[in-house]
Amino acid sequence: MNLRAPVTLLDVAQRAGVSVATASRVLNGGDRVPRPELQERVRAAAAELGYTPNAQAQALAKSSTNVVGILVHDIEDPYFAAIANGVMRAADERGLLVMMASTFRDADREIAYLSSLRAQRARAAVMIGSRRTDAEALARTATEIESFLGSGAGLALVSQAGMPAHTIEPDNRKGAAELARSLVNQGLRKFGVLAGPENLATARDRRDGFVDGLAEAGLEPVAVLAGEFTRDGGHAAAGELLDRKLDLDCLFAVNDVMAVGAMSVLRTRGVDVPGELGVAGFDDIATLRDVWPGLTTVRLPLEQMGRRALELAIEGGEPKVETFPAEVVLRESTPKR
């Protein structure tokens with residue numbers, strides 16, 4: 001069987017009657033653009049020969065690929081998945097390829113992935129995560145971000161304010177405070193707060209905002225309990241509060257997956273929601289459509305946040321912070337007293 005040798009850039013240049021350098025500038029890109037008539041000859045020759053440009057050569061010529069990286073703390077979390085979906089849809093509309101990696105909230109892994117994208121000449125990256133409070137890890141991350149931007153790539157972050165790059169920031173504190181006001185207006189007074197990890201600023205902002213909202217009505221939580229920022233974390237924290245036999249009429253979890261975990265343990269323990277105890281969350285993730293009773297929560301425009309993050313990363317320019325508003329959504333899981 002005879003195998004045809006692959007068509008090379010030299011073959012195209014010879015067919016078009018131009019130099020290899022000129023053929024490369026036409027097909028791979030670069031700063032210098034040949035005359036229109038030369039471009040037409042080269043493209044016609046490439047089409048006749050069936051030449052396929054080399055992606056690595058194009059990357060070197062253009063100093064970047066058409067790849068966008070997404071670094072997400074945990075793709076299994078519906079909150080992060082919804083934001084990542086917005087990034088991917090916006091990238092697809094622009095003809096960009098997406099590479100995605102889960103960092104599992106590990107700063108070293110996040111830094112290593114971003115460094116790898118820089119080495120691969122990615123056009124841009126979007127980092128999606130919950131803001132941490134570890135100063136040393138934040139400093140190392142900021143250094144790699146500066147190196148990444150220095151390579152000519154674009155970058156935007158979601159929920160990670162304080163970095164030297166474009167940032168999309170949900171209004172966590174204000175949204176949680178408004179939720180507290182709404183629940184108080186429903187007649188609820190005795191709250192337990194499933195607060196999430198202390199080292200995640202996102203969880204802390206939501207906890208503090210909720211406490212601030214209660215304080216406006218002269219109230220304070222009956223209990224505030226830290227736990228993992230996951231469904232299992234909410235399950236465990238709610239179970240512990242039940243074991244304490246506290247007098248509560250509502251649980252507020254700082255994200256929806258924790259609230260879903262709390263509802264699960266309440267159901268297992270025979271506690272009626274909302275008859276005996278109300279439950280509220282934060283984010284309004286898509287999976288809440290299948291939760292009954294419907295979960296009261298704070299809605300964030302997650303996919304829109306992802307889309308805007310990609311737009312900012314591609315646009316470049318001086319770093320700016322854009323805040324997205326939060327909206328209280330009252331559903332069946334919180335009763336009126």
Side-chain angles (χ1 to χ4, degrees), residues 6-10 12-13 19-34 39 42-43 46 51-73 75 80 83-104 106-129 139-158 160 163-168 306-320:
V7 178
T8 67
L9 190 62
L10 176 60
V12 175
S19 69
V20 173
T22 296
S24 177
R25 291 189 189 104
V26 173
L27 298 174
N28 294 327
D31 294 333
R32 296 173 59 186
V33 180
Q39 293 185 46
V42 170
R43 291 197 174 97
Y51 174 74
T52 301
N54 181 283
Q56 289 182 328
Q58 287 183 322
L60 289 171
K62 298 176 182 177
S63 295
S64 69
T65 65
N66 66 336
V67 170
V68 171
I70 301 178
L71 306 183
V72 57
H73 277 186
I75 196 59
F80 296 124
I83 297 172
N85 185 57
V87 177
M88 289 188 287
R89 288 185 179 276
D92 181 68
E93 291 166 3
R94 292 163 174 78
L96 301 172
L97 300 177
V98 172
M99 294 176 60
M100 184 163 61
S102 285
T103 64
F104 306 109
D106 185 305
D108 290 332
R109 185 177 281 111
E110 188 172 62
I111 292 167
Y113 283 150
L114 192 59
S115 176
S116 177
L117 287 170
R118 173 163 54 91
Q120 295 177 52
R121 299 175 181 268
R123 180 173 177 184
V126 176
M127 299 171 64
I128 307 168
R140 288 190 291 111
T141 302
T143 297
E144 179 53 41
I145 285 174
E146 290 170 348
S147 297
F148 186 81
L149 292 170
S151 72
L155 180 68
L157 299 92
V158 180
Q160 300 189 67
M163 290 293 175
H166 293 308
T167 304
I168 298 295
R307 282 181 169 274
R308 184 55 181 155
L310 188 279
E311 291 171 1
L312 289 173
I314 296 300
E315 289 172 9
E318 289 299 310
K320 56 186 174 183

Colleague: Determine the minimum heavy-atom distance between Arg118 and Glu144, stating which atoms define it.
Modeller: NE-OE2, 3.0 Å
Colleague: Quick check: closest heavy atoms across Ala125 and Phe148, and the distance to 0.1 Å?
Modeller: CB-CZ, 3.7 Å
Colleague: Check Asn66 against Gly95 and note the closest heavy-atom contact, atom names and distance.
Modeller: ND2-O, 3.6 Å
Colleague: Answer yes or no: is there a donor N or O on one side and an acceptor on the other, between the side chain of His166 and the main chain of Gly316, under 3.5 Å?
Modeller: yes
Colleague: Would the number of heavy atoms belonging to other residues, nucleotides or ligands and lying under 6.0 Å from CZ of Arg109 be above 12?
Modeller: yes
Colleague: Return the NE2 to CD1 distance between His73 and Ile83, rounded to the nearest 0.5 Å.
Modeller: 11.0 Å
Colleague: Between atom OH of Tyr51 and atom CG of Leu27, what is the distance when rounded to the nearest 0.5 Å?
Modeller: 6.0 Å
Colleague: Taking all heavy atoms of Ala122 and all of Ala153, pick out the closest pair and write down the distance.
Modeller: O-CB, 3.4 Å
Colleague: Do Leu312 and Lys320 come close enough that some side-chain heavy atom pair is under 4.5 Å?
Modeller: yes
Colleague: How far does CE of Met127 sit from OG1 of Thr167, to the nearest 0.5 angstrom?
Modeller: 10.0 Å
Colleague: When rounded to the nearest 0.5 angstrom, what is the spacing between CD in Glu146 and OG1 in Thr141?
Modeller: 11.0 Å
Colleague: Is the shortest side-chain heavy-atom distance between Asp108 and Arg140 below 4.5 Å?
Modeller: yes
Colleague: Closest approach of Glu110 and Leu71, non-hydrogen atoms and distance?
Modeller: O-CD1, 3.8 Å
Colleague: Looking at Arg308, Arg94, Arg123, which hits salt bridge (charged side-chain N to carboxylate O under 4.0 Å, His left out) with Glu315?
Modeller: Arg308
Colleague: Would you say that Ile128 contacts Ile70 through its side chain, given a criterion of any heavy-atom pair below 4.5 Å between the two side chains?
Modeller: yes
Colleague: Nearest 0.5 angstrom please: Leu157 CG to Met163 CE, how far?
Modeller: 7.0 Å
Colleague: Determine whether Val12 and Val26 make a side-chain contact, defined as any pair of heavy atoms from C-beta on separated by less than 4.5 Å.
Modeller: no
Colleague: Grab the two heavy atoms, one from Gly69 and one from Leu117, that are nearest each other, plus how far apart they are.
Modeller: CA-CD1, 3.8 Å
Colleague: Under a 4.5 Å cut-off applied to non-hydrogen side-chain atoms, are Val67 and Gln120 in contact?
Modeller: no
Colleague: With a 4.5 Å cut-off on side-chain heavy atoms, are Ile314 and Leu96 touching?
Modeller: yes
Colleague: With Met88, which of Val126, Val68, Val98 fulfils side chain to side chain contact (heavy atoms under 4.5 Å, CB included)?
Modeller: Val98
Colleague: Working to the nearest 0.5 Å, report the span between CD1 of Ile75 and CE of Met100.
Modeller: 4.0 Å
